Amino acid sequence: MQSGQVKRVETTPFEGQKPGTSGLRKKVKVFTQPHYLQNFVQSTFNALPADKVKGARIVVSGDGRYYSKEAIQIIIKMAAGNGVRSVWVGQNGLLSTPAVSAVVRERVGADGSKASGAFILTASHNPGGPNEDFGIKYNMENGGPAPESITDKIYENTTKIKEYLTVELPDVDIAKVGVTTFSVDGGTFDVDVFDSASDYVKLMKSIFDFEFIRKLLSSPKFTFCYDALHGVAGAYAKRIFVEELGAKESSLLNCVPKEDFGGGHPDPNLTYAKELVARMGLGKSTTQDEPPEFGAAADGDADRNMILGKRFFVTPSDSVAIIAANAVEAIPYFSAGLKGVARSMPTSAALDVVAKHLNLKFFEVPTGWKFFGNLMDAGLCSVCGEESFGTGSDHIREKDGIWAVLAWLSILAYKNKENLGGEKLVSVEDIVRQHWATFGRHYYTRYDYENVDAGAAKELMASLVKLQSSLSEVNQIVKGIRSDVSSVVNADEFEYKDPVDGSISKHQGIRYLFEDGSRLVFRLSGTGSEGATIRLYIEQYEKDPSKIGRESQEALGPLVEVALKLSKMQEFTGRSAPTVIT
């Protein structure tokens, strides 16, 4: 058994190590500066209660992006230095973000104990590679992201750090499953490398009826395509879709995890999932082949998802509403009923209408999965989602991309249970259109202006807040732009009081609410690693069955025009068009 002694290494603080709702994200070249990662990891250990570190077990893994392997070795040695007893690592350092949450919540060690938390190495849907992004975040023992009380402490610690603790140990071979034990200052410290998929697959099989889904996938009429965009979802796709559910291996696209995501942008939307979009018949050029019945994509760390039907895109806002409306019948885990549902504020109100119809508890929360986690820990929420392609349930405390795909496959299997031998299957598009006919349609789009000058972005937001002081002035401007748009009846900055812990979150987005249920929402997002991203959300509710079949951009045209002119988007940002339209 190799041994090592705890070593104190002197350091000085770096500026700007403030973790956002998704942890700390920067360019790789920032993280690879001497002591940069170490400072953040030590500041995290120092922010946690002592019993969650000394003698405890933690998980360290991530989406496999560039610099992950080096980072894992650094954190293992620092864990030993800080008195951690055991570290769990997914084979090759790979664990999806939802799988980390599942491992923390479900996996039991040989001694009967569980993990007290996890370092997740991911920058989510941002690109990877030597010149791209890296990220790190800490999740607590409930499997969910650290609350603000902890992330504030981490940041405070980074501003005054003087030393970090580590142990000089040889690197652990994380490609090989097995336990490596070291002696550290007379005590034992072990690193357990385990199969990345087993715990997660076991959990999925306890939620869904795999046999039921398998029958759907074995129907010659049902065709399927799953694109992991070379992210960590590839470590689960073959195991679940091919081995467990019997899909053909040819139905998997880009399912080999790569450090640079194959040079692509691992963001599952119509802009970046080009290959899947083309295969599903939604590309600019029409394919010769008949598109599959169902398609889905994941992001880098597999917590996001995009759902597609044949030549048909399902908006994330509609997706969570449709899952909630069908969950009790189609998914065994929910057979006893839903405790409640929740969405992030910018997400469309499609879920609200379902909640009202089914008489369910409903919550509108700020962007950030930890707000859903609080509701789930209190037993108030079963299904939740956000417009940024995140959907999930109370089985873990993170959004879960593969869970959402299995939920959709369950709904398709349920809708087709009497129909597998029939002429035509009930399609994704049929399910969505039936939903609109029952609940009305929320036309919805999001415009992202990425890497905008941060000063200009703040000025734009400040001008929108100032405008809110006089609704009559707002309506004068609105009517001057488009007389056919409804009047603004309320305008505010969204503020949330958490019903569980009473904490208040302010400045969560600027809202303009219209008389007919339409909304304009403006938010500054911190998920990029450089500049600011302005997100503009445009939504129009339509109950008239004769008007629910229009093209989204056509239906939203008047509101888009109002939003761009009201905000003076081009004037402030110099941009004549958004970077991405969803």
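Keep in mind the model is a prediction, meaning the values are calculated, not measured.
E70 CD: more than 12 foreign heavy atoms inside a 6.0 Å radius. Counted within 6.0 Å of NZ on K238, heavy atoms from surrounding residues, nucleotides or ligands total 12 or fewer; the atom is thus considered open. Heavy atoms of other residues, nucleotides or ligands lying less than 6.0 angstrom from CD of Q5 number 12 at most.
The two residues A228 and N254 have their closest heavy-atom pair at CB-O, 3.4 Å. Considering every non-hydrogen atom in both S393 and W403, the closest pair reads CB-CZ2, 3.5 Å. The minimum heavy-atom distance linking T166 with M78 is given by the pair OG1-N, 3.9 Å. Residues L94 and S61 approach most closely at C-CB, 4.4 Å, considering heavy atoms. The minimum heavy-atom distance between A102 and L203, with the atom names listed, is CB-CD2, 3.7 Å. For S344 against E386, the heavy-atom pair with the smallest separation is OG-CB, 3.3 Å.
Side-chain atoms of P578 and D448, non-hydrogen and from C-beta on, never get closer than 4.5 Å to each other. Residues S196 and Y236 form a side-chain contact, since some pair of their non-hydrogen atoms from C-beta on lies under 4.5 Å apart. In this structure, the side chains of R446 and P346 stay at 4.5 Å or more apart for every pair of heavy atoms. Residues E132 and D260 are not in side-chain contact: their nearest non-hydrogen atoms beyond the backbone lie 4.5 Å or more apart. Contact of the L37 side chain with the I136 side chain is registered, since non-hydrogen atoms from C-beta on lie closer than 4.5 Å. Contact of the M140 side chain with the K52 side chain is not registered, since no non-hydrogen atoms from C-beta on lie closer than 4.5 Å. The closest side-chain heavy-atom distance from Y138 to I58 is below 4.5 Å. Residues K114 and R57 fail the side-chain proximity criterion, which asks for heavy atoms closer than 4.5 Å.
Classification of the H35-Y164 ring pair by plane angle, with boundaries at 30° and 60°, yields tilted. Under the 30°/60° scheme for interplanar angles, the aromatic rings of F45 and F119 are found to stand perpendicular. Using a 30° and 60° split on the angle between ring planes, W369 and F372 fall in the perpendicular class, above 60°.
A salt bridge links D352 with R343: at least one charged nitrogen is closer than 4.0 Å to a carboxylate oxygen. The existence of a salt bridge linking D301 and K137 is excluded, since no basic side-chain nitrogen approaches an acidic carboxylate oxygen closer than 4.0 Å. A salt bridge does not link K26 with D133: none of the charged nitrogens is closer than 4.0 Å to a carboxylate oxygen. Salt bridge present: R511 and E364 bring a charged side-chain N and a carboxylate O closer than 4.0 Å.
Rounding to the nearest 0.5 angstrom, the gap separating the CG atom in L460 from the CD1 atom in I510 is 8.0 Å. In this structure, CD on E15 lies 10.0 Å from OG1 on T158, to the nearest 0.5 angstrom. Note that the CG atom of L524 and the NZ atom of K458 stand 8.0 Å from one another [nearest 0.5 Å]. Here OG of S567 is found 11.5 Å from OH of Y447. Values are rounded to the nearest 0.5 Å. Atom CG of N305 sits about 10.5 Å away from atom NZ of K399, to the nearest 0.5 Å. Within the model, atoms CD of Q468 and OG of S463 stand 10.0 Å from one another, a figure rounded to the nearest 0.5 Å.
A donor and an acceptor atom, one from each side chain of D299 and S124, are located under 3.5 Å apart. S198 and R239 share a side-chain donor-acceptor pair at under 3.5 Å. For T122 and D63, the side-chain atoms include at least one donor-acceptor pair closer than 3.5 Å. Side-chain contact check for Q42 and N82: at least one donor-acceptor pair (N or O, by modelled atom type) lies under 3.5 Å. Counting only N and O atoms by type, the side chains of T11 and N39 include a donor and acceptor under 3.5 Å apart. Between the side chains of D394 and Y333, at least one donor-acceptor pair of N or O atoms lies under 3.5 Å.
Between the side chain of S382 and the backbone N or O of K339, at least one donor-acceptor pair lies under 3.5 Å.
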Check your understanding: What do the steps show when you test L229 against H265 for side-chain contact (heavy atoms from CB on, under 4.5 Å), and what is the final call?
Key -> CA-CA 8 Å; L229 293 172; H265 195 134; over 6 Å; no
Review point. Yes or no on side chain to side chain donor-acceptor pair (under 3.5 Å) for N139 and S101, after CA distance, side-chain angles and deciding distance?
Key: CA-CA 8 Å; N139 278 27; S101 188; 5.2 Å; no
Point to revise | Stepwise side chain to side chain donor-acceptor pair (under 3.5 Å) check, N157 with N46 | key: CA-CA 7 Å; N157 292 344; N46 294 349; 5.8 Å; no
Practice item. Test F371 against L375 for side-chain contact (heavy atoms from CB on, under 4.5 Å), laying out the working first. Key: CA-CA 7 Å; F371 297 105; L375 296 170; over 6 Å; no
Practice item. Report the C-alpha separation of V465 and E493 in whole Å, then their side-chain angles, then the decisive distance to 0.1 Å, and conclude whether the side-chain contact (heavy atoms from CB on, under 4.5 Å) test is met. Key: CA-CA 7 Å; V465 171; E493 267 196 280; 3.9 Å; yes
**Study point:** Residues D199, E106; criterion side-chain contact (heavy atoms from CB on, under 4.5 Å); working and verdict
**Key:** CA-CA 8 Å; D199 297 278; E106 307 282 337; 5.7 Å; no
Could you give the side-chain donor-acceptor pairs of residues 182-194 under 3.5 Å, partners two or more places apart or in another chain?
residue, atom, partner, partner atom, Å
D185, OD1, V6, N, 3.4
D190, OD1, S86, OG, 2.8
D192, OD2, W88, NE1, 3.4

